[in-house]
Amino acid sequence: MPANYSGTWDIVDNENFEGYMVALGIDFATRKIAGMLKPQKIFEQDGDSFTVKTLTTFRNYSSSFKIGEEFEEITKGLDNKKCQTTVNWDNDKLVCVQKGEKKNRGWTHWMEGDTLYLELKCEDQICKQTYKRTA
Ligand code: ECB
């Protein structure tokens, strides 16, 4: 039985989001707005099938995937790039690799009780986010 991430999660900590956005090539003005946001994650999970919504007052982002199945991800409203993306289990962690123009791009999620962790990486930058379950 894989872990179940289903639920609603609100951000409580966001470390080096600025560095991650610089690595992605996000312009200054957009970074200043994005850095103020308090994203909410909505996970909808049915076994190995996921929809992850990232909601903010500025922009929303949604991604749907099945574990182990590569898909074409367009990071619309983020850096607007095309990636060949795969998400796999590493025990109960979700490990995503985003192959494309940027080296070392991907993210990892894991849970500890009602805390959800997310590490976003691009090139030599790592952004560490922490979320608390609110539903
Ligand atoms: C929609 C959230 C933030 C919108 C910020 C708008 C502009 C900034 C542009 C680019 C910043 C780069 C990425 C934003 C960081 C996170 C958004 C979702 C990233 C993601 O890949 O989430 C995964 C893992 O939870 C599931 O899609």
Side-chain angles (χ1 to χ4, degrees):
M1 276 281 279
N4 187 0
Y5 286 77
S6 295
T8 302
W9 308 83
D10 288 2
I11 200 161
V12 292
D13 195 46
N14 196 357
E15 228 178 274
N16 195 38
F17 188 41
E18 171 71 10
Y20 174 73
M21 288 193 288
V22 170
L24 284 175
I26 308 301
D27 67 83
F28 179 87
T30 305
R31 293 203 310 273
K32 294 306 125 189
I33 297 167
M36 303 287 290
L37 300 172
K38 299 290 177 200
Q40 182 179 61
K41 294 276 181 192
I42 315 259
F43 271 79
E44 296 162 0
Q45 180 187 352
D46 178 5
D48 277 357
S49 295
F50 289 78
T51 296
V52 183
K53 293 174 184 154
T54 307
L55 306 180
T56 76
T57 53
F58 179 50
R59 283 179 197 160
N60 299 321
Y61 186 70
S62 178
S63 168
S64 296
F65 54 86
K66 233 179 145 171
I67 296 294
E69 292 188 5
E70 186 173 84
F71 65 100
E72 182 175 281
E73 179 176 21
I74 314 271
T75 58
K76 188 171 152 54
L78 306 180
D79 61 323
N80 297 301
K81 296 278 167 49
K82 196 183 285 188
C83 299
Q84 294 302 314
T85 298
T86 311
V87 184
N88 278 295
W89 292 115
D90 172 8
N91 295 304
D92 282 343
K93 288 191 180 185
L94 284 174
V95 179
C96 173
V97 175
Q98 294 167 310
K99 285 188 286 178
E101 178 187 307
K102 298 290 180 181
K103 301 288 179 222
N104 193 37
R105 182 171 185 171
W107 51 257
T108 300
H109 269 293
W110 70 98
M111 286 183 294
E112 286 171 15
D114 279 345
T115 305
L116 174 74
Y117 296 96
L118 171 61
E119 285 189 2
L120 295 152
K121 62 178 183 169
C122 179
E123 307 280 1
D124 61 348
Q125 296 297 309
I126 301 181
C127 167
K128 299 185 180 192
Q129 299 186 340
T130 307
Y131 295 79
K132 291 290 181 192
R133 187 188 282 283
T134 51

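Just so it is clear, the model here is predicted, and its values are computed rather than measured.
- The distance from atom CZ of R59 to atom OH of Y61, rounded to the nearest 0.5 Å, is 12.5 Å.
- For T75 (side chain) and N80 (main-chain N/O), a donor-acceptor pair under 3.5 Å exists by modelled atom type.
- Residues satisfying the side chain to side chain contact (heavy atoms under 4.5 Å, CB included) criterion with E119, sequence neighbours excluded, are W110, I126, K128.
- Among residues two or more places apart in sequence or in another chain, the side chain to side chain contact (heavy atoms under 4.5 Å, CB included) test is passed with T115 by Y117, T130, K132.
- A donor-acceptor contact closer than 3.5 angstrom is absent between the side chains of S49 and D46.
- Paired with Q125 under the rule side chain to side chain contact (heavy atoms under 4.5 Å, CB included), one option of V22, N104, N16 passes, and it is N16.
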For this session: Just do the salt bridge (charged side-chain N to carboxylate O under 4.0 Å, His left out) check on E73 and K99 with the steps written out, would you?
Result: CA-CA 10 Å; E73 179 176 21; K99 285 188 286 178; over 6 Å; no

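- For K32, the NZ atom is densely surrounded, since the number of other residues' heavy atoms within 6.0 Å is greater than 12.
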For this session: Applying side-chain contact (heavy atoms from CB on, under 4.5 Å), run through D10 and V12 and close with a yes or a no.
Result: CA-CA 6 Å; D10 288 2; V12 292; 5.7 Å; no

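- Proximity of a side-chain donor or acceptor of Q45 to a complementary backbone N or O of A3 within less than 3.5 Å is detected.
- How far CE of M21 is from CZ of R31: 7.0 Å, rounded to the nearest 0.5 Å.
- Residues L94 and I67 are in side-chain contact: their nearest non-hydrogen atoms beyond the backbone lie under 4.5 Å apart.
- Note that CG of L78 and CG of L120 are 10.0 Å apart. Values are rounded to the nearest 0.5 Å.
- At least one side-chain heavy atom of Q40 sits less than 4.5 Å from a side-chain heavy atom of I42.
- Nearest heavy-atom pair, M111 versus N4, reported as atom, atom and distance to 0.1 Å: CE-O, 3.5 Å.
- The number of heavy-atom neighbours closer than 6.0 Å to CG of N91, taken from other residues, nucleotides and ligands shown, is 12 or below.
- Below 30°, between 30° and 60°, or above 60°: for F65 and F50 the angle between ring planes is below 30°, a parallel geometry.
- Here the shortest heavy-atom pairing between Q129 and I11 reads CD-CD1, 3.9 Å.
- In terms of heavy atoms, L24 sits closest to K81 at O-NZ, 3.9 Å.
- Side-chain N or O atoms of K93 include none that pairs as donor or acceptor with a backbone N or O of T108 at under 3.5 Å.
- Note: F17 and Y20 have parallel aromatic rings, judged against thresholds of 30 and 60 degrees for the angle between ring planes.
- The shortest side-chain heavy-atom distance between K66 and F71 does not fall under the 4.5 Å cut-off.
- Taken from OG1 in T85 to CD in E70, the straight-line distance is 7.5 Å, to the nearest 0.5 Å.
- The two residues G47 and P2 make their nearest non-hydrogen contact at O-CG, 4.2 Å.
- Atom-to-atom distance recorded for I26:CD1 and I33:CD1 is 11.5 Å, nearest 0.5 angstrom.
- In plain terms, the two heavy atoms of R133 and S6 that are nearest each other are NH1-O, 2.9 Å.
- Rounding to the nearest 0.5 Å gives a distance of 9.5 Å between CD of E123 and CZ of R105.
- Heavy atoms from other residues, nucleotides or ligands lying under 6.0 Å from NZ of K102 number more than 12.
- Between S64 and T51 the shortest heavy-atom distance is OG-OG1, 2.9 Å.
- Remark: the backbone N or O of H109 is paired with a side-chain donor or acceptor of Y5 at under 3.5 angstrom.
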